[in-house]
Amino acid sequence: MSENEKQKKQLLLIDDDEFLIDMYSTKFTGAGFAVMAMRSVDEALGKLREGYTPAIILLDLVMPTVGGIAFLKARRDERLAPDAVVIVLSNQSDEARIEEAKKLGAKGYILKANTVPSEVLEQVQALAG
């Protein structure tokens, strides 16, 4: 990682949708973030276990094999990236699911279907300070 990347706010993006990963990576990189995109929970947990400590984790809940709730539980139980601001970006609008994510450490919950990328960026910046 270059010195310039170290100075940028590190963002871990976890989503299985290639189009959304590309779109949000471009949006956040353009706003000065260093984005690391992972297409699975297992891949993301592996990176965190190696010592990667992002400032922000932006994740979807619904993914093949292992979902976002399992990620949140593993992150909490293993104390991975404990200072990261976790924000869920999902189409799951079920109140019980939202509450569960927040109890597991999610600071924010953004509904994909109701939010354009520029609004996602604004909400992440507001939540992450």
Side-chain angles (χ1 to χ4, degrees):
M1 187 179 303
S2 71
E3 262 325 292
N4 189 33
E5 285 179 317
K6 287 180 187 175
Q7 293 173 4
K8 292 180 179 181
K9 195 168 263 194
Q10 301 291 315
L11 183 138
L12 175 58
L13 173 61
I14 309 166
D15 200 310
D16 63 311
D17 185 313
E18 192 76 33
F19 174 77
L20 292 177
I21 284 176
D22 290 345
M23 180 177 60
Y24 286 116
S25 292
T26 299
K27 182 59 100 174
F28 281 92
T29 300
F33 289 84
V35 177
M36 179 170 294
M38 300 283 168
R39 286 160 183 78
S40 75
V41 164
D42 289 332
E43 186 182 16
L45 287 171
K47 194 69 177 171
L48 294 178
R49 289 174 182 136
E50 291 172 3
Y52 175 62
T53 54
I56 303 163
I57 298 172
L58 186 61
L59 81 146
D60 190 5
L61 293 184
V62 180
M63 289 182 276
T65 62
V66 181
I69 294 296
F71 172 86
L72 292 171
K73 288 177 182 174
R75 179 185 165 268
R76 178 200 62 197
D77 294 347
E78 297 178 43
R79 294 177 175 80
L80 300 169
D83 298 326
V85 174
V86 179
I87 302 164
V88 173
L89 178 62
S90 183
N91 278 321
Q92 291 288 307
S93 60
D94 177 54
E95 280 299 319
R97 183 62 64 102
I98 294 169
E99 284 308 308
E100 183 178 16
K102 288 184 176 180
K103 285 180 184 171
L104 290 169
K107 184 173 181 180
Y109 200 103
I110 302 169
L111 288 175
K112 287 180 188 179
N114 299 344
T115 317
V116 298
S118 59
E119 292 171 328
V120 171
L121 174 62
E122 289 171 8
Q123 289 184 41
V124 168
Q125 288 173 319
L127 289 165

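Along the sequence shown, residues are numbered consecutively beginning with 1.
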* Is the side chain of Y52 donor-acceptor paired with the backbone N or O of A44 at a distance under 3.5 Å, no angle test? -> no
* Could you tell me which non-hydrogen atom of Q92 sits nearest to which non-hydrogen atom of I98, and how far apart they are? => O-CG1, 4.3 Å
Could you list the donor-acceptor pairs under 3.5 angstrom formed between side-chain atoms of residues 113-123 and any protein atom two or more places apart in sequence or on another chain?
| from | atom 1 | to | atom 2 | distance (Å) |
| --- | --- | --- | --- | --- |
| T115 | OG1 | L111 | O | 2.7 |
| E119 | OE1 | V116 | N | 3.0 |

* Which side chain to side chain donor-acceptor pair (under 3.5 Å) pairs, counting each pair once, include a residue from residues 53-73, with sequence neighbours left out? -> D60-S90, D60-K112
* To do: Give the minimum heavy-atom separation between V66 and V41, together with the two atoms involved.
  => O-CG2, 3.3 Å
* **Pairwise side chain to side chain donor-acceptor pair (under 3.5 Å) hits with a residue in residues 37-50, at least two apart** => E18-R39, R49-E78
* To do: List in chain and number order the residues that pass side-chain contact (heavy atoms from CB on, under 4.5 Å) with D94, two or more places apart in sequence or in another chain; answer none if no residue qualifies.
  => A96, R97
* Output all residues satisfying side-chain contact (heavy atoms from CB on, under 4.5 Å) with A84, sequence neighbours left out; order by chain, then residue number. => I57, R75, A81
* Going from CD1 on I21 to CD1 on I14, what distance comes out if it is rounded to the nearest 0.5 angstrom? -> 9.5 Å
* Asked: Checking side chain to side chain contact (heavy atoms under 4.5 Å, CB included) against L12, which of V86, L59, L58, L48 comes through?
  -> L48
* Gap between atom CZ of F33 and atom NZ of K9 - 0.5 Å precision -> 6.0 Å
* Asked: By ring pair (Phe, Tyr, Trp, His ring centres under 6.0 Å), which residues pair with Y24, not counting sequence neighbours?
  -> none
* Structure fact -> Note: I56 and I87 closest approach over all heavy atoms is CG2-CD1, 4.3 Å
* Which residues satisfy the ring pair (Phe, Tyr, Trp, His ring centres under 6.0 Å) test with F71, sequence neighbours excluded? -> none
* Quick one: closest heavy-atom pair of L127 and G108, and the distance? => CD1-CA, 3.7 Å
* Asked: Of the non-hydrogen atoms in A101 and V88, which two are nearest, and what is the gap between them?
  -> CB-CG2, 4.0 Å
